[in-house]
Amino acid sequence: MGAQRDGAHEVPPRGTPLQVAAVPRYNAHALMRAEAAAQSLAPEVAPASGEGAQATMQVEAPAHGETGPARSLKERVHALERVGVLLRGAAADDESLVREVEAGLGALPPAMRRFPGGPLEFVLHPEPEPLGMGDGTAVRPDWSEGRTRFHLYRYASSSERRATLRLSRLTDEESEQLWRRRAVVHAVVQRWDDAWQWSQSESWRRLSGWMRPFERPLVWKEEARLHYAGAFSRARGQGSASLDLVTFAEEFFLPVESLRDDALSMDEQVRCQEFSKSRALAEAVEATGLGALGSRGACPAFDAWAELDLLSHVEVLLVAATGRQPESLFGHLLLRPVWSEGAQVRGPSFERVVQLVALTGMEPKGLGYVVKGMTGSYDTVFLTGTMGDLTHESLELEQRTIRRFRLRLTRGEEERMLERIWELERRGYMGYYFFTDNCASALLFLLNGVLEHGRQVRPPGVMWVLPTATLDAMAKLEVLGKEGAAGPLLELIPDAFESTGDRAVRADALRRETLEALTGQVDAAPLSRLLHLHARLQSPEPDTRREAYGALPETVRAVLDSASPQVRASSVRETLHAYVAHAVRVERAALDRLEGERLRIERQRLLAVNTPLKGASEAGIRERQRVFEREDALQRKLAVLDRTALFQEALARAPRRAPTPKELKVLVRAERTEAAFIRATEVQGELNDGVFADVDAVAFLGADRRRKVEAETRWAATALRESGAARTVVSVGMDFPDVGAARPVVSVRTAGMAEALGDSRLHGFQSSSELRVLDGELSLEPRWGPPRVVSTDMTLVGYRTLQRDLPQFRQSGWDSLGWGAEARVASDTARAMPYRATVQAEALVVLDAGARFSRFTAVGVGGLARMHWSEQALTPAAGPRLSLTHRTGLPGSGANAVRLEAAYAPTWRMGDARLTHEAGAWLQVEWFLGRAGPFGVLLTPRAQARWEGSLAPRALRESRSPSSWLSGTLDRRLALGLELR
């Protein structure tokens, strides 16, 4: 069927792919009013075309309250019939219904009144139904005979909160008029959607997260990721993407203010609440050739919040992973809109960030908390907070550094981003599942509703959506930004928000450098006193540090006085000022660490927390939803600036149990650490007002920040962009078994996550940590016919960290050690018992380490438990384990390195009379060859050896040569691996 024309409107032929174009924002109500006129219906019948005649009509809406008195009711019904709107039975005799049908049609753009699909019959039933429309059941259908007959019922009020929320100022009569008109819009828009499949376009489906059957695991029917009823115009909209669009069209074309101007405040109107859906529907209407709907107009509350003229850019924040809490092991993503400074100065603590978090209430963080997070017992919500809140929670209490990434968005996409944030904070509730529906998938949901021209970022997995892998997926998408330059959607900003813990590590190194810089510039005696004082400032006892700070001013003055006037003025004064500043930074980190511990203890002591909390998170969600229902009430409500501060205030008044002896020890230590920090700041203030008065403190802070940014820039220039998620390495090589001839071997290694110690990755974890999840290797011997499986090795989960606490933070010997643990299963056809499962743990002593652990040597001491089995037997074993791990960075890329790992474990197998000894070592070179198009190429030559056997009895060792003391098997392999990322 060819295109149909009606004046200036051209309707594309049915079946033409829908290309949604960018259009100005709409104001459906203004358009309707502009078209309203006190004229009667002017029916026209279009000639038959193509597949058959299509009823069309030209309708001009009568002014409010005007019914066309010049014509009888029968003439008006007949006029509607001639254009395809059929009223039968009681519907034809109801003058008020005829009037509302006319008004409903008149609310649509002229071209939309020529609906497709043939005659549309409205049938009125005497039975009452909420809102006067059916519910889609067989008893109360809304449609019958396909889309030919639309059923209306006697109007009754509804208890559905979302559908009636904005109708509170309307009278019952006005409400009935509104819903009668909306019923007409519903029927007509449903016809258009059936014909053009508007609701099946990605631009519409991604706004509510509509998923088709089997699009994701356990999705058996069409359903939306947003499950909050308030995210839909009414309950029927939750049934399908089509009903979502059609029910939204009801209030889009017939908003509440179309009945009465004062029915809603400007900010409550649908045009100022549903920016994204309104734009998507308006673009679909225009792309189909049915006319443009104009701009949305002013929205005072949103416009004041968005400050679009000052918006600079939008950032994604990655809160660094930590091994201390299982729920934070994989990191956390946030969004940060950045505004330029305007006439009103906003301090950094008041800058806004968007948290994508599970709303858990006050439930304690234990095993049950983790299980609930994995099984969907919480909701993901979108929270607009402040940098002050984020800084206090993440940088100070949790001491997790935050990496920054800039989103390369167009100006229109940045505007849409703020609109989506505004909408989702009010109505965005999704199920939370730790592995699949988490902060990373929520970020993609938000972002994909913003990107233009059909672009979208695919989730990096189906069963597992990692924050770091999500950054990989975003960085792989090439886009044009608002400056016009092409590049990746995501780019690192080498200026991370530094945690007080990481800043303390950096400050500790810098203050040692300042002490070294004083050598030769001041007298030895006062410098020796300062060095002695420095040792006391590194004491783990806060009282010792507090006393040392008390002696610091006199010592600093003595050192300063011992320098020559020229040297004192040029460098010594600034050097001593830097030493004191760095010392106070270290003390601040100590206080923050213990403050986090104190809050954790106080949470556990709360009597309310130790009682069942069933429904606590649900109650919190319901309360939050009610707060965001009415914009006028919301704007009067004070913003929550710091959730942790409110929690501390609640703690001060809440009942609690007495602390345990262990808890009391931590609380006392926290008080003493606070006293040490207070003394440190008092001393710093005294010196700054005295001998350091001439030092430019602002210049010191600026130089310190430049030094930090330069270091991050150098690191970023050599680091790999991709994380260690979803890795695949193919290796070819030769095996040299203890028995038999050499044989070729092909290995395939795949990993859900594999990041090794020392890895430098822009989207990865800290280089001090190693994480391996589902990291497996399959080795095959190629031959004629099916290849033979030589061995398999799968690490289910493994974690190691070399990060150690600073001396003053250590409370036991364990705080000076790294640690590691892993669980793995393996098989080898050469063994008598080919299958084994192992669990092992170790403490790691770091003998040497360079910056960011690009170079390190560590010795591990631990133990393992193992199960050996074959088809005939099952044998448990256990024993100690010793290991050596070394890495040396090579020139060029941060991925270039030489790695050496060796381990020895004597195990006692049940049933054996002697120990079985196992030893193995591998040497690997990693060399990044560069990028080939979108892929990075990593070359990994490797040599490895493994021995398993026993030692001859001592009596035999004395009578034999050393070469005969060992018995068992020795396997060796040389392989060359290649990885494309």
Problem set entry | Between Thr500 and Gln399: side-chain donor-acceptor atoms closer than 3.5 Å | yes
For this session: Tell me yes or no: between the side chains of Ser768 and Thr801, is some donor less than 3.5 Å from an acceptor?
Result: no
Problem set entry | SB check Glu413 Arg416 (cutoff 4.0 Å) | no
Problem set entry | salt bridge (charged side-chain N to carboxylate O under 4.0 Å, His left out) contacts in which one or both residues fall within residues 887-900, not counting sequence neighbours | Asp759-Arg899, Arg899-Glu926
Problem set entry | His886: partners by ring-ring contact (aromatic ring centres under 6.0 Å, His included), with sequence neighbours left out | none
Problem set entry | side-chain contact (heavy atoms from CB on, under 4.5 Å) against Val730, all qualifying residues, sequence neighbours excluded | none
For this session: Check side chain to side chain donor-acceptor pair (under 3.5 Å) between Arg503 and all other residues, then give those that pass, not counting sequence neighbours.
Result: none
Exercise. Should the pair Asp592-Arg588 be classified as a salt bridge under the 4.0 Å nitrogen-to-oxygen rule?
Worked result: yes
Exercise. Just checking, any donor-acceptor pair under 3.5 angstrom between side chains of Arg800 and Thr885?
Worked result: yes
Problem set entry | Cationic N near anionic O, under 4.0 Å, Lys708 to Asp495 | yes
Exercise. Looking at residues at least two apart in the chain, or sitting in another chain, which of them share a ring-ring contact (aromatic ring centres under 6.0 Å, His included) with Tyr429?
Worked result: Tyr228
For this session: Would you list the pairs meeting salt bridge (charged side-chain N to carboxylate O under 4.0 Å, His left out) in which at least one residue belongs to residues 467-477, sequence neighbours left out?
Result: Asp472-Arg981
